[in-house]
2 protein chains.
Amino acid sequence: MAPTQGIGLAEVARVAGVSVATVSNALNRPEIVAVATRDRVFEAIRELDFVPNRAAATLRRGTNHLIALFVPEVANAFYSEIVSAVADEAARHDFVIGLCVTHDEPEREVFFANSLAEQRAAAAIVVPITADAPRLSQLRRVGTRLVLLDRIAANADGCSVGIDDVLGGELAVRHLLSSGAAAVTLVNGPHSVQQCADRHAGALRALAAAGLPASALHEIVVDAMTVDAGRRVGRQLAAGPNRPAVFCVNDQLAVGIIGGLREHGVDVPSQALVVGYGDQSLALDGPVPLTSVAQPTHQMGVEAVRCALAEVNEGAEHVHRTVQLRPRLVVRGSAPAIPEPGRGAPAR
Amino acid sequence: MAPTQGIGLAEVARVAGVSVATVSNALNRPEIVAVATRDRVFEAIRELDFVPNRAAATLRRGTNHLIALFVPEVANAFYSEIVSAVADEAARHDFVIGLCVTHDEPEREVFFANSLAEQRAAAAIVVPITADAPRLSQLRRVGTRLVLLDRIAANADGCSVGIDDVLGGELAVRHLLSSGAAAVTLVNGPHSVQQCADRHAGALRALAAAGLPASALHEIVVDAMTVDAGRRVGRQLAAGPNRPAVFCVNDQLAVGIIGGLREHGVDVPSQALVVGYGDQSLALDGPVPLTSVAQPTHQMGVEAVRCALAEVNEGAEHVHRTVQLRPRLVVRGSAPAIPEPGRGAPAR
DNA sequence: CCTCGTCATTGAATCGATTCAGGCTGACGA
DNA sequence: TCGTCAGCCTGAATCGATTCAATGACGAGG
């Protein structure tokens with residue numbers, strides 16, 4: 001133990017024949033150190049296998065090279081893609097990321113806020129449980145900058161990055177309409193979930209733009225947004241009016257619906273159109289590849305880190321921004337681009 | 001800024017009318033502080049909204065309340081379940097987790113090893129790129145304890161937690177045999193992947209136990225272990241001998257294979273049996289629920305944290321252990337428990 | 001030859017919690 | 001009354017990197 005204990009700047013300085021201040025400078029502001037000296041220092045560092053102690057730097061500077069990341073879940077494609085992107089982008093800038101999985105439980109949010117405040121995290125990228133995130137005050141107190149993700153509110157004291165879900169809903173429904181549908185069925189979750197409400201709003205906007213009344217949207221609200229729930233809705237739709245055009249608030253539901261329809265001999269896309277949301281991998285796994293609204297999760301993560309670093313680096317003159325990313329429709333077999341030959345012309 | 005700067009033990013001590021040493025003791029060894037004093041201290045802490053500075057403690061103690069977690073990917077059900085479990089268990093013990101996504105790239109492993117060594121992580125839970133993980137030496141140097149996950153080697157200097165993949169393979173094939181199959185098709189990835197080799201070995205063991213020759217195992221090695229690759233194999237199998245019994249090395253392949261078989265009118269389970277591996281959510285998403293080998297990912301994560309904490313707390317007298325977790329067969333429609341009525345008696 | 005400016009380097013204070021060797025107090029037994 | 005002891009508390013050193021004012025060296029310009 002003892003031998004490896006305590007190799008600090010001091011030891012490096014001794015070996016390189018310079019002062020600790022110079023070693024520190026060589027590490028942090030190489031440009032102000034003479035080349036020869038710098039080389040000698042790095043030589044010594046290598047020779048001693050010196051690993052700087054970030055705790056000392058954090059203590060002195062008051063801020064750690066650490067970004068907290070708060071997400072409700074990890075075992076969920078949407079969030080895990082974000083986590084992945086954030087992790088990569090943070091690493092590119094030499095920041096460690098401290099992962100906080102809140103399970104949407106406020107106590108956990110508070111708990112992690114505390115832990116990461118103790119660590120003096122430089123910034124926190126947060127998918128907040130409630131929009132204003134009052135539980136993060138501990139972080140604010142120690143100077144941690146906040147970036148809100150996905151669930152955007154009027155975030156007076158920080159940047160935020162989100163996705164335009166209204167646009168996503170609009171894209172989906174616009175596509176269905178342009179494929180000849182005269183009415184659309186929206187299979188949605190509860191409107192208390194912002195995303196669900198937004199996508200519904202987008203659907204209405206698309207109808208309005210096409211000159212159709214709001215009554216052309218039939219909304220079915222399910223409690224669980226799973227494949228199985230989708231399957232049940234699919235069976236139900238199979239018994240309903242002909243040639244439904246269905247927009248599902250996520251891919252699970254969409255895949256289930258296609259399954260339910262097929263069970264009853266309703267083919268997709270020739271006898272029904274289905275559009276999902278999320279463009280998750282299961283969109284490609286079913287018998288019919290799913291047309292779906294892709295969310296720029298990777299871009300979100302990257303953008304969030306950029307904001308966080310901007311907050312950290314620019315200091316007082318930093319101007320907060322709100323980044324709104326645009327989803328994109330990925331057209332596949334379940335609702336192809338060109339109206340099916342067998343399908344009639346747009347009704348009316 | 002200035003007002004919130006610098007609320008340390010000293011300030012708390014002043015307000016509570018005690019020394020900093022006492023405040024520190026109240027926080028870390030409450031039992032040695034008189035109750036009245038302790039109350040006064042906590043009162044002051046609350047009043048001042050004091051957030052201890054973990055950097056100072058880390059500096060002094062030489063170790064941080066931080067566990068590094070190295071995984072190859074996050075956007076992958078197997079790993080994200082582990083990450084989730086580790087994150088939860090670590091939080092229960094008041095440790096922050098530092099997430100390192102290596103993408104199986106050695107440079108990243110080295111890079112993160114460095115970053116987390118600088119942070120003086122107390123322990124690292126690592127899914128190593130190569131078994132012996134020589135790239136983690138920086139961590140060892142600063143006293144970070146290592147726990148190897150999933151890819152176990154003779155890990156002389158640490159605990160390890162893994163899954164018995166041989167048993168997993170055996171369970172799957174034993175099930176197929178007990179359902180009347182006289183031969184089994186294994187759809188596998190390259191044997192250079194340890195898991196693939198192990199599951200193959202398990203398959204052979206099951207055959208041997210049933211008194212069947214190794215030639216009763218037909219192995220098909222695919223390069224990509226995706227749903228799509230599975231679909232291709234399924235089509236191929238549909239053209240082959242009757243009533244195949246297929247064991248797939250993951251659920252993606254299994255789902256694809258069922259799809260491919262059905263395209264050609266081969267029904268599952270009446271005309272073919274399929275067992276997957278991993279028991280991921282997509283096992284339930286297809287038209288036929290998948291029989292699959294479930295991996296105790298959650299337990300793995302929990303166990304890994306327990307090992308890590310044991311390493312950290314027990315110090316010198318700690319005895320390393322190797323935990324081998326047992327997978328479990330989850331029987332569903334694609335290979336049901338009772339031989340299908342339509343199926344013949346076990347051949348020979 | 002002197003002065004001044006530039007560039008490289010250094011000494012020493014500082015960040016805040018931990019820790020340990022004492023110091024003080026009051027109770028109790030002798 | 002005094003000694004002893006347990007229980008509680010404190011002073012001060014310590015961890016290692018950062019930072020800034022200050023020093024020194026050296027060359028150019030006068």
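Here is the naming used below: chain letters follow the sequence lines, and residue numbers restart at 1 for every chain.
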Relative to each other, are the rings of A:F112 and A:F70 parallel, tilted or perpendicular (30° and 60° limits)?
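The arrangement is perpendicular - the two ring planes meet at more than 60°.
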
Please report the distance, rounded to the nearest Å, between [atom1] in [X] and [atom2] in [N].
X	N	atom1	atom2	result
B:R29	C:dT19	CZ	P	7 Å
B:Q119	D:dA17	CD	C1'	14 Å
A:N64	C:dG16	CG	C1'	15 Å
A:N28	D:dT19	CG	C1'	11 Å
A:R61	D:dC20	CZ	P	12 Å
B:R14	C:dA17	CZ	C1'	18 Å

Just one of A:E105, A:E107, A:E109 clears the salt bridge (charged side-chain N to carboxylate O under 4.0 Å, His left out) bar with A:R135, so which one?
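Only match with A:R135 under salt bridge (charged side-chain N to carboxylate O under 4.0 Å, His left out): A:E109.
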
Identified salt bridge (charged side-chain N to carboxylate O under 4.0 Å, His left out) counterpart of B:R306 within the set B:E314, B:E89, B:E311
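That would be B:E89; it is the only one of B:E314, B:E89, B:E311 passing the salt bridge (charged side-chain N to carboxylate O under 4.0 Å, His left out) with B:R306.
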
pair [X]-[Y]: side-chain heavy atoms closer than 4.5 Å:
X	Y	value
A:C159	A:H318	yes
B:V83	A:L99	yes
A:L66	A:I97	no
B:I129	B:P72	no

Sequence neighbours excluded, which residues qualify as side chain to side chain donor-acceptor pair (under 3.5 Å) partners of A:E118?
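Result, side chain to side chain donor-acceptor pair (under 3.5 Å) vs A:E118: B:R54.
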
Set out, line by line, the N/O atom pairs under 3.5 Å between protein and nucleotides 21-26 of chain C.
none

Sugar-phosphate means primed atoms, P, OP1 and OP2; the rest is base. With that split, encode nucleotides 4-14 of chain C 5' to 3' as B, S or - using protein heavy atoms under 4.0 Å.
----SSBB-BB

Return the set of residues passing side chain to side chain contact (heavy atoms under 4.5 Å, CB included) with A:V20 (not counting sequence neighbours), or none when no residue passes.
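A:V20 satisfies side chain to side chain contact (heavy atoms under 4.5 Å, CB included) with A:L9, A:A10, A:A13 only.
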
Based on the rotation axes of five pairs at each end, what angle does the helix from C:dC1-D:dG30 to C:dA30-D:dT1 bend through, to 10°?
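Helix axis angle between the two ends: 50°.
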
Any side-chain donor paired with an acceptor under 3.5 Å for A:H298 and A:D88?
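Side chains of A:H298 and A:D88: no pair found under 3.5 Å.
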
Donor-acceptor side-chain pairing of A:R151 and A:T130 below 3.5 angstrom
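Absent: no donor and acceptor within the cut-off.
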
Determine, for B:E43 against B:R40, whether the closest basic-nitrogen to carboxylate-oxygen distance falls under 4.0 angstrom.
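So B:E43 does not pair with B:R40 through a salt bridge.
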
Audit row: A:I125, A:I67, side-chain contact (heavy atoms from CB on, under 4.5 Å) steps and yes/no
CA-CA 7 Å; A:I125 296 173; A:I67 295 179; 4.0 Å; yes

By a strict heavy-atom criterion of less than 4.0 Å, which residues belonging to residues 45-59 of chain B are in contact with DNA chain D?
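Per residue number, the list reads B:L59.
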
